[in-house]
Amino acid sequence: MSKGREGPAAGGERGPGREWVLGGRRPPVAVPGGAAAVLLRYLREQNRPYSAQDVFGNLQREHGLGKAAVVKALEQLAQQGHIREKAYGKQKIYFADQEQLPAASDAELHGLDGEITALSTKVQALQQSCRQMEAELKDLNSSMTTPEMAREVEELRKDCASYAEKLERIKSATNHVTPEEKEKVCSEQKLYCKEWRRRKRMATELLEAILEGYPKSKKQFFEEVGIETDEDHNVTLPAAV
């Protein structure tokens, strides 16, 4: 951290065009004006470290300061002892000299602690409120809008009318299937499916016996003989009832 120019350890020394340097640290000169005054006031009010780029970005719009002017003013303030400077690699940060800031009394510190506690409680309440509003917003965004709901209701009404018309046609038809006819058809289906399974099992066992002594693959055998399977025609045997 820059401490200004240093002189002899004791007594101090004054050279041509130089000020007295006491205790190895240059005392602050008069309060600057112009851009330097703006930067000094800002650093003391914020009381936190900033880079020159940060200060430029924060004050450029309000005060119209150029980056070169900001860098020059910060370096000048650091050299004059108004602020402190510390280098991190190629970057420098600047912050208010804590020794030049007024010390707070115990009562003021106690008051600040109370203010921090109150503000922390307020922040927690606001965060909770924000989470609730975000959840509500998510629900609203996933819900249908009023026009969308109106269109959905209209489509449902059309579907209901179509189903009602279809049901009426079925009721008024004269070619209804009687329970006896339905039972007969179901019985015949069970019989045919049972026979289908029996014949398929017999054919599978016979083909497997032949393939045990066949020198080629199963697929080649089926092609040579001309066998077509249920799977070739995407036919599925109904499940047994």
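Both backbone and side-chain heavy atoms feed into the values below; hydrogens, waters and symmetry mates do not.
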Answer yes or no: is there a donor N or O on one side and an acceptor on the other, between the side chain of T117 and the main chain of D113, under 3.5 Å?
yes
Using a 3.5 Å distance criterion without hydrogens, assess whether the side chain of Q98 forms a donor-acceptor pair with backbone atoms of A96.
yes
Pairs touching residues 44-70 that satisfy ring-ring contact (aromatic ring centres under 6.0 Å, His included), sequence neighbours left out:
Y42-Y50
Applying ring-ring contact (aromatic ring centres under 6.0 Å, His included) as the test, list every pair that has at least one member in residues 151-203; sequence neighbours left out.
none
Note, [X] side chain near [Y] side chain (heavy atom, < 4.5 Å):
| X | Y | value |
| --- | --- | --- |
| K92 | K86 | no |
| K184 | S187 | no |
| R44 | L101 | yes |

Rounded to the nearest 0.5 Å, what separation is found between the [atom1] atom of [X] and the [atom2] atom of [Y]?
| X | Y | atom1 | atom2 | value |
| --- | --- | --- | --- | --- |
| L40 | D97 | CG | CG | 10.0 Å |
| E136 | N141 | CD | CG | 10.5 Å |
| L43 | L59 | CG | CG | 8.5 Å |
| C186 | Q189 | SG | CD | 6.5 Å |
| E212 | E208 | CD | CD | 8.0 Å |

Quick one: hydrophobic cluster around [X], which other residues, with the 4.5 Å side-chain cut-off, linked directly or via members?
| X | result |
| --- | --- |
| F222 | L206, L207, I210, L211, Y214, F221, V225, I227 |
| M144 | M149 |
| I116 | none |
| V153 | none |

Pair listing, salt bridge (Lys or Arg N to Asp or Glu O under 4.0 Å) test, anchored in residues 144-154, at least two apart
none
Can you find a side-chain donor-acceptor pair between K67 and Q60 that sits under 3.5 Å?
no
Identify, with sequence neighbours excluded, every residue that meets side-chain contact (heavy atoms from CB on, under 4.5 Å) alongside [X].
| X | answer |
| --- | --- |
| Q127 | V123, R131 |
| S162 | none |
| E115 | L112, L119 |
| R201 | R198, E205 |

My understanding is that only residues two or more places apart in sequence, or in another chain, count here; which of them pass salt bridge (charged side-chain N to carboxylate O under 4.0 Å, His left out) with K218?
none
Hey, quick one: are V55 and V71 part of the same hydrophobic cluster, counting side-chain heavy atoms closer than 4.5 Å, chains of contacts allowed?
no
Determine, step by step, whether L137 and M133 satisfy the side-chain contact (heavy atoms from CB on, under 4.5 Å) criterion, reporting the C-alpha distance in whole Å, the side-chain angles of both residues, the deciding distance to 0.1 Å, and the verdict.
CA-CA 6 Å; L137 178 61; M133 288 188 287; over 6 Å; no
Indicate the atoms forming the closest heavy-atom contact of I93 with P49, along with that distance.
CD1-CB, 4.0 Å
